[in-house]
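First the structure, in the form of structure tokens, and then the observations on it.
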Amino acid sequence: MKRSTLYIFGALLLTLAGGCSVQKKCPAPELNLPAEIVAGRTDSLTIGDMAWWEVYTDTTLCRLIGRTLDRNRNMQSAEARIRQLEELYRVSKATLSWEADLWGNLRWAKRKGAAEYLASVEAARAMQMTLVAEVATAYFELTALDHELDVVRRTVETREESMR
């Protein structure tokens with residue numbers, strides 16, 4: 001009788017332990033954001049959301065930016081990492097597992113895969129914005145220096161003519 005009582009108690013204890021969760025259910029915070037920031041205007045697009053070719057209209061600059069993004073090794077490796085994590089996430093979602101998920105390991109593994117994928121996408125986006133900004137900055141500085149050089153050359157020509 002004692003042995004069967006221990007088995008029943010053990011089964012009851014395992015059932016209760018399996019139903020317990022270490023994770024707390026936290027409700028999402030309520031964000032009471034205004035519908036419009038400036039009265040009378042609804043602006044849902046920031047310059048960060050625009051494509052770089054919509055921001056810069058200079059054809060030479062657009063060609064330089066396109067060439068930089070196509071040939072940058074860090075950008076290529078970031079895109080490859082995105083594809084790799086996307087496939088891994090797809091596989092993890094499709095895989096069936098018969099493991100008992102007592103402490104949420106499987107659930108957290110799926111969330112981790114999704115978070116890693118989204119983080120890699122945002123890292124690549126940040127890298128692209130940085131490269132575009134650096135190329136544009138260098139291009140505008142070079143253009144400004146070219147204009148400054150033209151002014152200096154015209155000034156020299158004018159002074160030489162005045163000396164004659």
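Going from atom CD of Gln128 over to atom CG of Asn72 covers 10.5 Å, rounded to the nearest 0.5 Å. Between atom CG of residue Leu131 and atom CH2 of residue Trp52 there is a gap of 11.5 Å, rounded to the nearest 0.5 Å. Separating the CD atom in Glu160 from the OG1 atom in Thr155 is a distance of 11.0 Å, to the nearest 0.5 Å. Interatomic distance, NE2 of His147 versus CG of Leu149, reported as 11.0 Å (0.5 Å rounding). The CZ atom of Arg63 sits 9.0 Å away from the CG atom of Asp58 when rounded to the nearest 0.5 Å. Here the straight-line distance linking atom CG of Leu69 with atom CD of Gln76 works out to 10.5 Å at 0.5 Å rounding.
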After noting the C-alpha distance and the side-chain angles of Tyr139 and Ile65, does the key distance pass the side chain to side chain contact (heavy atoms under 4.5 Å, CB included) rule? CA-CA 10 Å; Tyr139 178 77; Ile65 291 172; over 6 Å; no

Would Phe140 and Leu61 satisfy side chain to side chain contact (heavy atoms under 4.5 Å, CB included), going step by step from the backbone distance to the final call? CA-CA 9 Å; Phe140 290 133; Leu61 176 59; 3.8 Å; yes

Output, in order, the C-alpha distance, side-chain angles, deciding distance and verdict of side chain to side chain contact (heavy atoms under 4.5 Å, CB included) for Val151 and Arg154. CA-CA 5 Å; Val151 169; Arg154 278 186 269 139; 3.9 Å; yes

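Ion pairing of Arg90 with Glu87 is present here, as a side-chain N (NZ or NE/NH1/NH2) and a carboxylate O approach within less than 4.0 Å. Look at Arg125 and Glu122 and you find a salt bridge, because one of the NZ, NE, NH1 or NH2 atoms lies within 4.0 Å of a carboxylate O, short of that distance.
Linking Ile, Leu, Val, Met, Phe, Trp and Tyr residues whenever their side-chain heavy atoms come within less than 4.5 Å leaves Met127 and Leu118 in two separate clusters.
Here the closest heavy-atom approach between residue Val121 and residue Ile82 is recorded as CA-CD1, 3.8 Å. Met75 and Ala124 make their closest contact through CE-O, 3.5 Å (heavy atoms, listed as atom of the first residue, atom of the second, distance).
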